[in-house]
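One structure below.
What's counted below: heavy atoms across the whole structure, side chains too, no hydrogens, waters or symmetry copies. Only a predicted model underlies this, so the values are computations on that prediction, with no experimental measurement involved.
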Amino acid sequence: MAISPKLDYAKLDELYLDPKNPRLGRHHVNAGLSQEEILDLMRDWVLDELAVSYLESGFWTHEALLVTREELDGKSRFVVVEGNRRLAALKYLYAAVNNKDVPSKWKSLVAGVKVPDTLFDQIPYILVDSRQEIEAFLGFRHVTGIKQWNPEEKAQYITQLIDKKRMTYQEVMRKIGSKIPTVRHNYISYRLLLQMEDGLEDFSPEDVRGRFSVMYLSLRTQGVQNYLDIDIFADENAAQRPVPKTHLEALANFARWLFGSKEKNKDPIFTDSRRVDDFGELLENPPIVEYLEQEENPSFEHACQLAGMNKSKIAQLLNQATSNVQIALGQVHHYKDSEDTQEAVKRLGIDVWQLLKVFPKIQQELQERERGD
């Protein structure tokens with residue numbers, strides 16, 4: 001039996017949260033956390049929405065948990081491999097119903113509400129021989145499918161398949177239903193993160209929280225690839241340490257610019273992932289690279305100004321505004337009595353008037369043209 005064809009039921013205290021759940025974060029997985037500690041880490045996972053559904057309709061059988069038997073705390077336990085959010089929501093509900101110490105929102109959820117009779121005593125689950133039996137399912141569901149992990153969790157899962165299971169890019173691609181370039185890019189990105197953690201003294205994993213995707217996207221730019229001397233087409237072996245020893249100082253700079261440093265109270269030089277292409281472009285400009293490297297607290301905007309990048313962006317914004325005005329001119333006469341339209345025209349006029357003051361020659365030219373007409 002790999003996956004049981006039979007639906008079984010268990011009591012809440014018979015089911016255990018998974019200490020190896022990738023969503024807990026790589027620094028918590030296999031850290032010997034208690035069930036209470038795992039539950040506390042999950043408290044902000046929007047569990048209350050699930051709880052409301054359970055109180056109204058009970059626990060749907062088609063949402064059955066996937067469970068395997070594993071040793072936990074020295075005993076064989078039913079560990080939930082898929083469905084930890086569902087189990088955590090039930091645990092918080094149970095604690096609230098029994099007046100345990102839980103956040104007030106949970107107490108308000110159950111106030112005056114009749115809990116379904118079998119909610120905590122008949123939880124549907126399907127037994128699986130081992131977590132390996134459902135790796136392909138998890139990979140598709142959370143990396144490619146509809147219930148996706150965040151970017152760092154996806155990359156961590158792919159890296160585990162390659163490093164621990166000795167799988168190739170192609171084998172991972174087939175397992176999770178992705179594409180080889182995506183698998184390779186995730187792997188190299190995560191190996192780069194591990195290289196930072198292992199080799200940089202002034203780097204803390206906490207600095208990365210919520211910003212892995214910025215690094216992931218930056219590796220697509222030619223500027224970052226050249227600066228770090230990264231081969232984004234490297235095979236599984238060559239990608240173990242993406243940045244060569246000759247560029248470790250560049251790696252330290254890169255980490256500081258992207259993630260900052262909480263220990264040294266330094267912020268990243270930019271936080272908007274939409275500026276990743278600009279960042280890559282800056283690293284293709286030697287004088288700008290020198291500025292970023294030598295300045296203790298470099299300014300991203302100042303670097304863009306030095307590189308002349310803002311010139312084209314300002315022109316682009318003005319061209320977009322011109323296009324919008326031209327479109328509006330074709331229909332605005334139908335809305336002359338509209339107060340909203342009049343207010344918008346007034347604001348536009350004020351802005352254009354201020355803009356022309358910056359360009360007095362253009363202002364004069366337009367005035368002369370107006371008098372000539």
Within this structure, what is the [atom1]-[atom2] distance for the pair [X] and [Y], rounded to the nearest 0.5 Å?
X	Y	atom1	atom2	value
L366	Q364	CG	CD	10.5 Å
I158	R191	CD1	CZ	14.0 Å
K357	L355	NZ	CG	11.5 Å
L66	N84	CG	CG	10.5 Å
Q35	Y16	CD	OH	7.0 Å

Side chains of [X] and [Y]: closer than 4.5 Å at any heavy-atom pair?
X	Y	answer
Y216	S189	yes
E56	P116	no
E293	V289	yes
S53	W60	yes
V115	L93	no
P103	R43	yes
T221	L283	no
I232	R184	no

When you check the side-chain N and O atoms of [X] and [Y], is any donor under 3.5 Å from an acceptor?
X	Y	answer
Y227	N253	yes
Y335	D340	no
N226	Q222	yes

For the residue pair F300 and F279, does the interplanar ring angle fall in the parallel (under 30°), tilted (30 to 60°) or perpendicular (over 60°) class?
->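 Because their plane-to-plane angle lies in the 30° to 60° range, the rings of F300 and F279 count as tilted.
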Would you call the rings of F259 and F203 parallel, tilted or perpendicular, where under 30° means parallel and over 60° means perpendicular?
-> perpendicular
Taking every non-hydrogen atom, the tightest pair across [X] and [Y]:
X	Y	answer
V97	V110	CG2-CG1, 3.9 Å
L306	Y291	CD1-CG, 4.2 Å
D231	I188	O-CD1, 3.7 Å
D18	V81	OD2-CA, 4.2 Å

Within one Ile-Leu-Val-Met-Phe-Trp-Tyr cluster: [X] and [Y], side-chain cutoff 4.5 Å:
X	Y	result
L65	L72	no
V128	V79	no
I180	V183	yes
F359	W353	no
V352	I350	no

What do the steps show when you test N186 against Y157 for side-chain hydrogen bond (donor to acceptor under 3.5 Å, both in side chains), and what is the final call?
-> CA-CA 9 Å; N186 272 281; Y157 179 77; over 6 Å; no
Any sub-3.5 Å donor-acceptor pair from R85's side-chain atoms to V46's backbone N or O?
->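 Yes, the answer is positive, given that a donor and an acceptor are paired below the 3.5 Å cut-off.
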For F78 and Y125, what are the C-alpha separation, side-chain angles and deciding distance, and is it a ring-ring contact (aromatic ring centres under 6.0 Å, His included)?
-> CA-CA 10 Å; F78 279 141; Y125 73 91; 5.3 Å; yes
Is the closest basic N to carboxylate O distance between D8 and K6 below 4.0 Å?
-> yes
Any ion pair linking R369 and E365 (charged N to carboxylate O, less than 4.0 Å)?
-> yes
Those residues that, when tested against F212, pass ring pair (Phe, Tyr, Trp, His ring centres under 6.0 Å) (two or more places apart) | none
How would you list, by chain and number, every residue that makes a side chain to side chain donor-acceptor pair (under 3.5 Å) with R69, sequence neighbours excluded?
-> S76
Atom CG of N98: over 12 foreign heavy atoms under 6.0 Å |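 Correct, the count exceeds 12.
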More than 12 foreign heavy atoms under 6.0 Å from CD of E249: is that the case here?
->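 No - once you tally the heavy atoms of other residues, nucleotides and ligands closer than 6.0 Å, there are 12 at most.
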Hey, mind stepping through M42 and I38 against side-chain contact (heavy atoms from CB on, under 4.5 Å) and telling me if it holds?
-> CA-CA 6 Å; M42 299 176 68; I38 296 173; 3.9 Å; yes
Evaluate the side-chain hydrogen bond (donor to acceptor under 3.5 Å, both in side chains) criterion for residues Y187 and Q240: first the C-alpha distance (whole Å), next the side-chain angles of each, then the deciding distance (0.1 Å), finally the verdict.
-> CA-CA 9 Å; Y187 182 64; Q240 288 291 306; 2.4 Å; yes
Looking at the rings of W45 and Y92, which for Trp means the six-membered one, are their centres under 6.0 Å apart?
-> no
